[in-house]
Number of protein chains: 2
Amino acid sequence: MSGPPSTDSSSASGDPRRRLIEEAARILGEEGPSSLSARRLAGAAGTSTMAVYTHFGSMTGVVEAVATEGFRRLIDHVDAVGRTEDPLADLRRMAGAYRDNALENRHLFGVMFGAISLGGFHGRGADPEVAAAAFEQIVAGVARAMDAGVLLPGDPRAVAAQFWSALHGYVMLELAGMDRVVDDSERTVLWPMLAHLLAALAPSPR
Amino acid sequence: MSGPPSTDSSSASGDPRRRLIEEAARILGEEGPSSLSARRLAGAAGTSTMAVYTHFGSMTGVVEAVATEGFRRLIDHVDAVGRTEDPLADLRRMAGAYRDNALENRHLFGVMFGAISLGGFHGRGADPEVAAAAFEQIVAGVARAMDAGVLLPGDPRAVAAQFWSALHGYVMLELAGMDRVVDDSERTVLWPMLAHLLAALAPSPR
DNA sequence: GATCGACCATAACGGCGTTATGGCAGGATG
DNA sequence: CATCCTGCCATAACGCCGTTATGGTCGATC
């Protein structure tokens, strides 16, 4: 798939596929899932509905592309926390970035992990390669902590999966409105939970 | 093709509202979210679409009622594990029941926590009172463990929220197909994760 | 210049959520 | 008994949806 030869005939258009994905993500974020329809999307991107079908095959294809785009943005957002000389603090800051990204793009997050549906079509999910890259981010953070000796040596993938599960579950329950039943304010639940997970793996002489 | 209503009134019909909820849950479980429509539901329940609107106001109302029904079934399923003299083992068995219930009713689970949508209409969620009752189940399990002295005394609600978050996140990632990227087989992730959470709260003399 | 392929505008089809309309049972009221 | 009212639902319609068939434009190729 070679890109278009950059014929910027006008500033209004890039390649239509890219524009459709970005407009779909924007509509999803600003107006919610029920506003994302083929006609609405085509209108926002300045094309007709057929462009959607030549590029994505169906609205399900659009959803999968948007989910993949969501994982790419998540990766960038988490990557932006950088690396300090304290790998455990870095993990905590990665978790904070993960949560912030979810709260600011709740509908996009729902599509990424939804597995459920969006406007009726429910998609097989994002590109597994991109989703895996998001997970590898956490694996790398855990591996650095192990290398630095602040976590017991072990399989970083298994530990990262635990960390991710706990973080993801907290965020998903928060998005589902469970803060109404548990309250919290990220003080007595989120940080202690992650701290407990990491403390159980710390090389303190017991 | 039901016969005249007076022929067999014993089992064919209950009150229509109940029948609609159960048919909606059945269609959701057997055919997925995209098959649940007002006409399809009305046909399955043996009524017309107007019955849906007199009882639930909209399809969103149906979704909320089905989500509430899902929490009720989850509560029954988790309650069925009973109580032994080992509160920590009971917590683990509750977690297993939670996961089993999710895997066997993945679409219903998605609707319960979805926050996303279902066929386009996306509902405010289940009855908060019923959802809270599901959480209180875990709180009670944690409180018993504290009373028995196998968990450090503390706020059982905060600990239960941590336990629930981790369990829920693991299940949600599994439902989203993340087992493709993390593998696991509930051996190196789920049980160690929950064990670590509880171990960090155990009253072992450190 | 002719041909071909990718791309997309137009218009249509069936199905969707929802609503307006009307009929029908059954209890309250005179 | 006649009347009215009220909750409940069947019928049919409206506008929107995802999708597809059709045809036209335009650049690349020979």
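- Between B/Thr49 and B/Pro16, it is B/Pro16 whose nearest contact on DNA chain D lies nearer the 5' terminus.
- For A/Glu31, the salt bridge (Lys or Arg N to Asp or Glu O under 4.0 Å) partners two or more places apart in sequence, or in a different chain, are A/Arg40.
- Spacing between atom CZ of B/Arg40 and atom P of C/dG17 amounts to 12 Å, rounded to whole angstrom units.
- Taking atom NE2 of A/His55 as the reference point, atom P of C/dA6 lies 13 Å away to the nearest angstrom.
- Each of B/Ala38 and A/Gly46 lies near DNA chain C, and the nucleotide nearest A/Gly46 is the one positioned closer to the 5' end.
- Here the P atom of nucleotide C/dG15 and the CG atom of B/Leu41 are 18 Å apart, to the nearest Å.
- At a threshold of 4.0 Å, the pair A/Asp90-A/Arg93 counts as salt-bridged, since one of the basic side-chain nitrogens sits closer than that to a carboxylate oxygen.
- When only modelled atom types and interatomic distance are considered, A/Tyr98 and A/His168 share a side-chain donor-acceptor pair under 3.5 Å.
- B/Thr54 comes within 4.0 angstrom of a base, heavy atoms only.
- Each end of the helix from C/dG1-D/dC30 to C/dG30-D/dC1 gets its own axis from five base pairs, and the two axes differ in direction by 10°, given to 10 degrees.
- Between the base of C/dG15 and the side chain of B/Arg39 there is no donor-acceptor pair shorter than 3.5 Å.
- Between A/Glu23 and A/Arg18 there is no salt bridge, since none of the side-chain N atoms of the basic residue sits less than 4.0 Å from a carboxylate O of the acidic one.
- Rounded to an integer number of Å, the gap from CZ of A/Phe56 to P of C/dC8 is 11 Å.
- Environment of CD in A/Glu30: crowded, with over 12 heavy atoms of neighbouring residues, nucleotides or ligands closer than 6.0 Å.
- A/Arg73 and A/Glu69 are joined by a salt bridge, as a carboxylate oxygen and a charged side-chain nitrogen come within less than 4.0 angstrom of each other.
- Heavy-atom neighbours of A/Arg83 CZ from other residues, nucleotides or ligands within 6.0 Å: at or below the threshold of 12.
- Side-chain atoms of B/Thr47 lie closest to D/dA10 of the nucleotides D/dA10, C/dT10, C/dT19.
- Nearest nucleotide to the side chain of B/Met50, out of C/dA9, C/dG17, D/dT11: D/dT11.
- Atom P of nucleotide D/dT11 and atom OH of B/Tyr53 are separated by 17 Å, given to the nearest angstrom.
- Nucleic acid contact class of B/Ser48 (heavy atoms, under 4.0 Å, all strands): base.
- Nucleotide C/dC8 holds its C1' atom 12 Å from the CZ atom of A/Arg19, rounded to whole Å.
- Nucleotide D/dT20 holds its P atom 13 Å from the CE atom of A/Met59, rounded to whole Å.
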